[in-house]
Amino acid sequence: METTTYDTRPRAGLKEWIGLAVLALPTLLLALDITVLHLAVPELSADLRPSSTQTLWIIDIYGFMIAGFLVTMGTLGDRIGRRRLLMTGAAAFGAASAAAAYATSAEMLIAARTLLGIAGATLMPSTLSLISNMFRDARQRGLAIGLWATMFSVGIALGPVVGGLMLEHFWWGSVFLLGTPIMVVLLVTAPVLLPEFRDTRAGRLDLVSVLLSLATMLPITYGLKELVKHGAEPVPAVAAVIGLVAGVLFVRRQGHLDDPLLDLRLFADRAFSGALLSLLISIGAVAGIYLFVTQYLQLVEGLSPLKAGLWLLPAALGLVISSLVAPIAVRRVRPAYVISGSLVIAAFGYLLLAQVDARSGLPLLVAGFILVYVGGAPTMALGTELVVGSAPPEKAGSASALSETSTELGGALGIAALGSVGTAVYRDEIAAGLPANAPEGVRDTFAGAVAAGVEGDLLDSAREAFTAGLNATAAVCAALIAAVAVIAVITLRRVAPTGEAEQAATVGEPEHVPA
């Protein structure tokens, strides 16, 4: 029997832990960017007057670009240096943030968000890869990854309050300027605190694979958005088919390359695939419903951005607490049961949101959203470590990039698909009694109706239609999360509690456990 021993490599010191704080900045910024943008949608809509399609693109193009480029940027970092790529991306992210803040049209904002996404794709795989370099002791590395992932929860908690304060006193573009000082801090401290790492044995970057990966994701995403919104129409259907064909070609090419962009053998591990799929769907559900919850608070309840952020704070604090408790719970309970049990709580929260009405729904909305966050946090907190830990040590970089890709793609697809579902329900509901002379914006979105200044019965109808869209979206989320709970039990049931892993390391028993 092969004997497993404790990791005897050097333990990280004070410099590495301070460096971890620097590496946590991009994660914090990502969470802040997601939450503050949702709060800014009503003001943004009133100023730039984007169409419903443009509004969705403003929100989700960032996630699409990150998801599309993550694997590529992770591979590029191995070749040119992970710290160098991190600093290059930080400079680009800061500049693109300023461009987004001062956008004068919906098209300009979409372009700036596209650049933000490409720059953001350089940050996430670099940070996680550098953590692996800095924390070579297995126990320290697990703690470092857990703290790094928890920063996302902290950002979720701070985002509504910080965004609300900024929108209370400044214009909507100010929320994008949050990225500039954070990136300046990263650029100043990275050369001092972070090591450089470059894989001198890595092969050449396969540009054909890069193009095929983009040709897969972007057409499929576009096709999904349009098919959900408008039904079976030729252009989105063709786009989806093109994406699927490109995906098949991409997969086949990876199987024949000596140094593939994506190592498909990782998916043979059930725990790896299960954790990845759970992350994808869970993040997608949360991202999709968050868009409707923030708009309900501001448009249906008429709250200011700051007050809306304060109403979201209890749920965000529950997310932070649940994220911290989950790693403790898996010391004695198998991750499969921690994740699946918590997802049942999240599903119940979505069911509560499906019952919210347009006139007295605030208490139920807040209660349901607290359960959604508390129940969803363990999947997010444990998912990254499960994905990375299920992969062989030499594939940790690829696994890290796939974990981030799953998170970003899940969020982007959740906003696109679930946002389109809610919009479609709104349009069906509002069309029933809409007068012929109603402003065009009323037919499109509830934000458009508010921006058009409608009043009386027409405004009440729009409010009811929007709430119906929220209810339908929440019901879909409940079904998705219930399915993920089953998937987690099936695919992760062989992953041992971390406490048993430590005992196995002592006696020499091989266990299928996170690294």
Side-chain angles (χ1 to χ4, degrees), residues 30-31 33-41 52-53 55-64 66-67 113 152 156 159-160 217 220-229 277-300 312 315-316 319 343 346-356 365 368-373 375-377 379-380 383 406-427 445-447 465-485:
L30 173 63
D33 185 76
I34 292 173
T35 53
V36 299
L37 178 61
H38 284 300
L39 288 173
V41 165
S52 61
T53 300
T55 299
L56 287 174
W57 276 116
I58 287 170
I59 296 170
D60 60 38
I61 190 63
Y62 172 75
F64 288 149
I66 287 182
R113 292 278 291 169
F152 186 88
I156 291 290
M217 189 193 71
I220 288 179
T221 301
Y222 167 78
L224 173 66
K225 284 168 57 68
E226 297 301 312
L227 287 171
V228 170
K229 288 178 60 179
L277 184 60
S278 298
L279 274 174
L280 177 75
I281 301 176
S282 299
I283 295 292
V286 169
I289 202 65
Y290 191 89
L291 175 64
F292 289 93
V293 169
T294 54
Q295 291 188 73
Y296 182 97
L297 291 171
Q298 293 183 79
L299 300 178
V300 176
L312 291 171
L319 177 65
L343 287 174
F348 184 67
Y350 284 115
L351 290 176
L352 291 183
L353 293 177
Q355 306 304 315
V356 170
L365 181 94
F369 203 54
I370 289 173
L371 293 179
V372 165
Y373 266 15
T379 302
M380 292 181 277
S406 178
T407 299
E408 293 301 329
L409 184 58
L413 290 177
I415 291 171
L418 296 172
S420 298
V421 168
T423 299
V425 172
Y426 171 86
R427 288 176 175 174
T445 63
F446 184 41
F466 173 82
T467 306
L470 165 64
N471 299 152
T473 303
V476 172
C477 289
L480 288 173
I481 294 304
V484 175

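These figures come from a predicted structure and were not determined experimentally.
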Exercise. Taking the six-membered ring for Trp, are Y296 and F292 ring centroids under 6.0 Å apart?
Worked result: no

Problem set entry | T379 versus S278, closest heavy-atom pair with distance | CG2-O, 3.8 Å

Exercise. For the residue pair A354 and A475, what are the closest heavy atoms and their distance?
Worked result: CB-N, 4.1 Å

For this session: Please report the shortest heavy-atom distance between S282 and V484, naming the atom on each side.
Result: OG-CG1, 3.9 Å

For this session: Check whether any side-chain heavy atom of V300 sits under 4.5 Å from a side-chain heavy atom of L470, and report yes or no.
Result: no

For this session: Check whether any side-chain heavy atom of Y350 lies under 4.5 Å from a side-chain heavy atom of I481, and answer yes or no.
Result: yes

Exercise. Is there a donor-acceptor pair closer than 3.5 Å between any side-chain N or O of R113 and the backbone N or O of I58?
Worked result: yes

For this session: Mind running side-chain contact (heavy atoms from CB on, under 4.5 Å) on N471 and L353 for me, showing each step along the way?
Result: CA-CA 6 Å; N471 299 152; L353 293 177; over 6 Å; no

Exercise. Is any side-chain heavy atom of Y290 less than 4.5 Å from a side-chain heavy atom of L312?
Worked result: yes

For this session: Quick one: closest heavy-atom pair of L418 and G288, and the distance?
Result: CD1-CA, 3.9 Å

Exercise. To the nearest 0.5 Å, how far apart are CG in L480 and CG in L343?
Worked result: 11.5 Å

Exercise. Would you say the side chain of F446 lies within less than 4.5 Å of the side chain of Q295, judging by non-hydrogen atoms?
Worked result: no

Exercise. If you measure from CD1 on I281 to SG on C477, what distance do you get to the nearest 0.5 Å?
Worked result: 11.5 Å

Problem set entry | Expected output: side-chain T294 to main-chain L291 donor-acceptor under 3.5 Å | yes

Exercise. Any idea which heavy atoms bring S406 and L279 closest together, and the distance?
Worked result: OG-CB, 3.9 Å

Exercise. Does T473 reach the main-chain N or O of I289 with its side chain, forming a donor-acceptor pair under 3.5 Å?
Worked result: no

Problem set entry | Contact summary for A347 and A482, nearest pair of heavy atoms | CB-N, 4.5 Å

Exercise. To the nearest 0.5 Å, how far apart are CG in L365 and CG in L352?
Worked result: 10.0 Å

